[in-house]
Amino acid sequence: MKPLLPWLQANWDHLNRYIQQKRIPQALLITGHQGLGKQHLAMQFAYSLLCTQLKGNGLSCGYCDSCLLLDVQTHPDLINIQPEEQGKAIGIDQIRSLITKLTLKPQFEAYRVVTINPAEQMTRSAANAFLKCLEEPTERTVLLLVTDKPGKLPATIVSRCQKLAVPTPDKEVGINWLKQQSIKDDPEILLSLAQGAPLLAQQYGNDETLKLRNQCFNAWMNLAKQQDNPVAIAESWQKLAEPSLIVFWMTSWLIDLIKCSYQTNAGNFYNPDLNQHLKALAQQLDLIGLYKLYDLLLLSRQRLDTPINKQLLFEEILIQWYDLNRST
Ligand SMILES: [Zn+2]
C-alpha cells in the first residue's frame with residue numbers, strides 16, 4: 001500500500017479511532033469530490049482491517065501475509081465491486097454473487113472487507129438487493145461504499161451507513177504534493193482546473209488535459225473575434241474531450257469574465273493563466289448577455305446527464321457566444 005496521502009490525515013485519524021476502540025462500523029459511506037483519494041482511503045482502511053501486524057498509527061505493516069496477499073490482489077477476504085466496464089452500471093448479478101460469497105465465513109481470522117465504488121452506479125435492483133447486506137449483517141464483514149454522488153444513492157442505503165466525508169485540501173497542500181509528482185504543467189493551474197482535487201489534477205497533468213483546454217480556449221477566442229465558425233468548432237469539440245469537461249471549462253471562463261466585469265480581486269479566478277485575455281474581452285462584453293450564456297451553460301450541464309446530441313448542445317452554446325461578441 002502506498003503511503004497515506006497527506007491531506008487524508010484527519011480522515012485517517014477518524015478511521016484509526018474505530019480501529020483502536022475496536023468499534024468497526026458495519027457499513028461506511030465515503031464521500032467527496034472526484035480526485036480526492038476516496039478509494040485510496042478505503043483501501044488503507046481495508047489493509048488495516050486485514051493486516052495482522054498493525055503499526056502504532058493504525059496503518060498496515062506492509063510485510064505480513066495479509067499485506068502481501070493484498071499487494072498482489074489475491075487476498076480472499078477483500079472483495080472489490082466495480083462496474084465491469086468503465087462508466088457502466090453495477091448490476092444485480094454482481095450483488096447477487098456478493099451475497100452468495102457473504103454466506104460463507106471469512107477465510108482468515110480478521111475481517112472481510114467489501115468495497116463498492118462508485119456505489120451510486122448500482123442499478124436500482126442491485127441497490128435493492130444490496131440493502132439486504134445492510135439489513136442482515138454477516139459476521140466480521142465491513143462494507144465500504146465509495147461515491148462522489150451520494151445524492152444518487154437510495155436514502156435507505158445512506159441511512160444505514162456511517163459517513164466519512166473527504167474534504168478538499170488547502171491549496172498549498174495540493175500544490176506541494178503535485179510538485180513531488182513530476183508533472184511538467186504548472187501545478188497551480190492544474191489544481192485550479194481540477195477544482196482543488198489533487199489526484200484529478202495529477203491525472204490532468206498526465207493526460208495533457210491542459211493542452212486540450214488551451215486548444216479549446218483558442219477556438220473560443222477565435223469565435224469571439226468572429227474568425228471561426230461555431231458549427232465547425234462544435235463538431236470538432238465533441239471528438240476532442242469529455243463533453244462535461246468542455247462545458248465545465250466554458251463555465252469557468254464565463255465566471256472569470258463576469259468577475260472581470262466587476263473588477264474583483266484576481267486571486268479568485270478559475271483560470272489565472274488566461275486572465276489577460278479574459279480581462280481584455282470583458283471590457284467589451286455585455287454583462288446581461290454573459291449571464292444569459294451562463295444560464296445556458298448551467299442548463300447544459302444538466303442536459304449532459306441525458307442522452308442529448310452533444311454536437312447540438314455545443315452548437316447552441318457556441319452560437320450564443322459568437323452572437324454575444326458580434327453585438328458589441
Ligand atoms: Zn500487514
Side-chain angles (χ1 to χ4, degrees), residues 1-32 35-82 90 94-95 97-119 130 133-134 137-148 161-167 169 173 176-177 180-182 197-199 202-203:
M1 189 70 211
K2 289 180 188 160
L4 186 69
L5 293 164
W7 61 89
L8 297 177
Q9 188 59 51
N11 287 127
W12 182 256
D13 292 344
H14 187 92
L15 293 175
N16 188 25
R17 271 197 294 279
Y18 286 140
I19 296 169
Q20 303 304 330
Q21 294 168 1
K22 298 193 170 63
R23 293 178 61 181
I24 309 298
Q26 185 233 333
L28 183 70
L29 178 63
I30 302 179
T31 61
L36 291 175
K38 299 183 296 297
Q39 175 67 12
H40 174 87
L41 193 63
M43 288 310 289
Q44 289 279 6
F45 195 41
Y47 265 69
S48 291
L49 291 171
L50 300 173
C51 172
T52 55
Q53 309 277 338
L54 279 192
K55 296 194 280 189
N57 54 6
L59 288 168
S60 53
C61 72
Y63 54 79
C64 73
D65 287 348
S66 275
C67 282
L68 296 177
L69 285 173
L70 284 166
D71 279 346
V72 291
Q73 297 175 11
T74 52
H75 199 300
D77 291 330
L78 175 66
I79 304 170
N80 289 316
I81 297 193
Q82 57 193 29
I90 294 174
Q94 289 175 273
I95 300 299
S97 137
L98 168 70
I99 292 171
T100 308
K101 284 182 197 162
L102 293 186
T103 56
L104 307 168
K105 282 187 173 185
Q107 301 204 20
F108 288 22
E109 299 289 308
Y111 290 93
R112 169 167 53 199
V113 182
V114 179
T115 71
I116 304 195
N117 184 18
F130 179 72
C133 303
L134 292 169
T138 30
E139 172 181 10
R140 288 187 283 134
T141 299
V142 183
L143 306 168
L144 303 178
L145 287 82
V146 178
T147 180
D148 49 13
C161 298
Q162 301 276 330
K163 279 102 188 160
L164 186 69
V166 179
V173 176
N176 284 338
W177 181 80
Q180 295 158 22
Q181 310 307 315
S182 59
L199 296 178
Q202 180 189 30
Q203 189 197 318

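Throughout, residue positions are numbered sequentially from 1 according to the sequence presented. For the numbers below, each heavy atom of this structure counts, side chains included, while hydrogens, waters and symmetry mates do not. Counting convention: from 1, in listed order, for ligands and their atoms alike.
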Inset, instruction - Go around the Zn ion (ligand 1) and count every protein N, O or S atom nearer than 2.8 Å. - result: 4

Inset, instruction - Show the numbers, then the answer: is there a side chain to side chain contact (heavy atoms under 4.5 Å, CB included) between L8 and V166? - result: CA-CA 7 Å; L8 297 177; V166 179; 3.5 Å; yes

Inset, instruction - With the side chain counted from C-beta on, respond yes when Q44 and L5 share a heavy-atom pair under 4.5 Å apart, and no when they do not. - result: no

Inset, instruction - List in chain and number order the residues that pass side-chain contact (heavy atoms from CB on, under 4.5 Å) with P137, two or more places apart in sequence or in another chain; answer none if no residue qualifies. - result: Q26

Inset, instruction - Quick one: list whatever passes side-chain contact (heavy atoms from CB on, under 4.5 Å) with D13, sequence neighbours left out. - result: Q9, R17

Inset, instruction - Apply side-chain contact (heavy atoms from CB on, under 4.5 Å) to D65 and list each qualifying residue two or more places apart in sequence or on a separate chain. - result: none

Legend entry - Y63 side chain to D71 side chain, donor-acceptor N/O pair below 3.5 angstrom: no

